[in-house]
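Bear in mind that the values here come from a model prediction, so they are computed numbers and not experimental data.
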Amino acid sequence: MSKFDVSYIEMAQVWARNSYCKRRQVGALIVKDKMIISDGYNGTPSGFENICEDENGVTKPYVLHAEANAITKVAKSGNSSEGGTLYVTASPCIECSKLIIQAGIKRVVYKDEYRLTDGIDLLRKAGVEVEKID
């Protein structure tokens, strides 16, 4: 754990505040060669209204997670996340973990534990270095 890890997680926490989601705001940064190459926060796809929950407070099924937004954003940019580090404020779910593996991200640093650990388990199984920061 380096001072950069702490700084990037703090930046991801600031970025999470951009989310319109009420239940949980999550932020993510992809860093490669000490440069932020992408960022993301949880929210609806481009062109949709910025409301993440339905009238019962349940997250809408099409809401994108912060990691998915950061990974798709880097893909659009023409940059490569191969060998990069993903900083995310909440541990990745299994769906995001699949994207992380396929994107070639080699390290994930997260702050808050998600209730399910299957995402973290999958990352470790795939040889991705995973660290929780306090």
Side-chain angles (χ1 to χ4, degrees):
M1 199 64 56
S2 73
K3 68 175 184 168
F4 288 106
D5 289 334
V6 174
S7 295
Y8 287 131
I9 274 290
E10 286 172 357
M11 290 169 77
Q13 287 179 288
V14 169
W15 204 242
R17 292 186 213 139
N18 289 317
S19 172
Y20 289 91
C21 297
K22 290 182 174 74
R23 285 183 64 208
R24 172 181 276 176
Q25 293 181 313
V26 180
L29 298 176
I30 299 174
V31 176
K32 189 173 170 181
D33 303 323
K34 291 196 170 126
M35 280 189 307
I36 297 168
I37 61 166
S38 193
D39 53 57
Y41 50 86
N42 56 326
T44 56
S46 301
F48 283 70
E49 60 181 0
N50 289 319
I51 299 169
C52 298
E53 296 85 10
D54 64 19
E55 56 281 347
N56 300 317
V58 177
T59 301
K60 293 176 180 174
Y62 54 82
V63 167
L64 287 153
H65 288 184
E67 306 94 313
N69 268 327
I71 289 167
T72 54
K73 196 171 176 181
V74 81
K76 250 178 158 174
S77 75
N79 234 324
S80 170
S81 53
E82 187 79 42
T85 298
L86 174 80
Y87 294 88
V88 63
T89 58
S91 62
C93 71
I94 192 141
E95 292 302 318
C96 287
S97 291
K98 291 190 277 188
L99 294 174
I100 291 164
I101 293 162
Q102 289 300 92
I105 292 165
K106 292 292 171 229
R107 186 167 172 255
V108 172
V109 179
Y110 69 95
K111 182 149 178 44
D112 300 323
E113 206 76 57
Y114 182 61
R115 59 186 165 80
L116 301 172
T117 62
D118 53 358
I120 294 295
D121 298 340
L122 184 66
L123 290 172
R124 288 198 171 113
K125 188 176 180 180
V128 175
E129 186 186 331
V130 178
E131 282 186 68
K132 184 181 190 302
I133 201 167
D134 293 317

(message) When you measure from the side chain of Ser19 to the backbone of Gln25, do you find a donor-acceptor pair of N or O atoms at a distance under 3.5 Å?
(response) no
(request) Using side chain to side chain contact (heavy atoms under 4.5 Å, CB included) as the criterion, list what pairs up with Ile101, not counting sequence neighbours. (result) Leu122, Leu123, Ala126, Val128
(message) Under the ring pair (Phe, Tyr, Trp, His ring centres under 6.0 Å) definition, can you give me all pairs with a residue in residues 67-92, not counting sequence neighbours?
(response) Tyr8-Tyr87
(request) Tell me whether Ile100 is reachable from Ile94 by hopping between hydrophobic residues (I, L, V, M, F, W, Y) whose side-chain heavy atoms are closer than 4.5 Å. (result) yes
(message) Can a donor-acceptor pair be found, under 3.5 Å and without considering hydrogens, that links the side chain of Asn42 to the backbone of Arg24?
(response) yes
(request) Would you list the pairs meeting disulfide (SG to SG under 2.5 Å) in which at least one residue belongs to residues 50-119, sequence neighbours left out? (result) Cys21-Cys52
(message) I want to check something: taking the side chain as every heavy atom from C-beta on, are Gln102 and Ile71 in contact at a cut-off of under 4.5 Å?
(response) no
(message) Test: ring pair (Phe, Tyr, Trp, His ring centres under 6.0 Å). Region: residues 58-84. Which pairs qualify, not counting sequence neighbours?
(response) Phe48-Tyr62
(request) Determine the minimum heavy-atom distance between Val74 and Ser77, stating which atoms define it. (result) O-OG, 2.7 Å
(message) If the condition is side chain to side chain contact (heavy atoms under 4.5 Å, CB included), which residues does Lys76 pass it with, not counting sequence neighbours?
(response) none
(request) Give a yes or no answer on whether the side chain of Asn56 reaches the backbone of Val58 with a donor-acceptor pair at less than 3.5 Å. (result) no
(request) Verify side-chain contact (heavy atoms from CB on, under 4.5 Å) between Thr85 and Val109, making sure each step is shown before the conclusion. (result) CA-CA 7 Å; Thr85 298; Val109 179; 4.1 Å; yes
(request) Keeping the roles fixed (side chain from Glu53, backbone from Arg23), state whether a donor-acceptor pair exists under 3.5 Å. (result) yes
(request) Under the salt bridge (charged side-chain N to carboxylate O under 4.0 Å, His left out) rule, collect the residues that match up with Asp134, sequence neighbours excluded. (result) Lys132
(message) If you compare all heavy atoms of Glu67 against all heavy atoms of Leu86, which two are closest, and at what distance to 0.1 Å?
(response) CG-CD2, 3.7 Å
(message) Which residues pass the salt bridge (charged side-chain N to carboxylate O under 4.0 Å, His left out) test with Glu95, not counting sequence neighbours?
(response) Lys98
(message) Please enumerate all residues that pass side-chain hydrogen bond (donor to acceptor under 3.5 Å, both in side chains) together with Glu113, with sequence neighbours excluded.
(response) Tyr110
(request) Mind listing the closest non-hydrogen atom pair of Asn18 and Tyr41 along with its distance? (result) CB-CE2, 3.4 Å
(message) Among residues at least two apart in sequence or on other chains, which ones pass side chain to side chain contact (heavy atoms under 4.5 Å, CB included) with Val14?
(response) Arg17
(request) Output yes when a side-chain donor or acceptor of Lys60 lies under 3.5 Å from a complementary backbone atom of Ile51, and no otherwise. (result) yes
(message) Among residues at least two apart in sequence or on other chains, which ones pass side chain to side chain contact (heavy atoms under 4.5 Å, CB included) with Gln13?
(response) Ile9, Glu10, Thr89, Lys111
Listed pairs under 3.5 Å, donor-acceptor, residues 26-40 side chains, sequence neighbours left out:
from, atom 1, to, atom 2, distance (Å)
Lys32, NZ, Ser80, O, 3.0
Lys32, NZ, Glu82, O, 3.2
Ser38, OG, Ala70, O, 2.7
Asp39, OD1, Trp15, NE1, 3.3
Asp39, OD1, Lys73, NZ, 2.5

(message) Holding to salt bridge (charged side-chain N to carboxylate O under 4.0 Å, His left out), I want the full list of residues that pass it with Asp121, two or more places apart in sequence or in another chain.
(response) none
(message) Quick check: is Phe4 connected to Val6 through a chain of hydrophobic side chains (ILVMFWY, heavy atoms under 4.5 Å apart)?
(response) yes
(request) Give the minimum heavy-atom separation between Ile105 and Arg107, together with the two atoms involved. (result) CG2-O, 3.3 Å
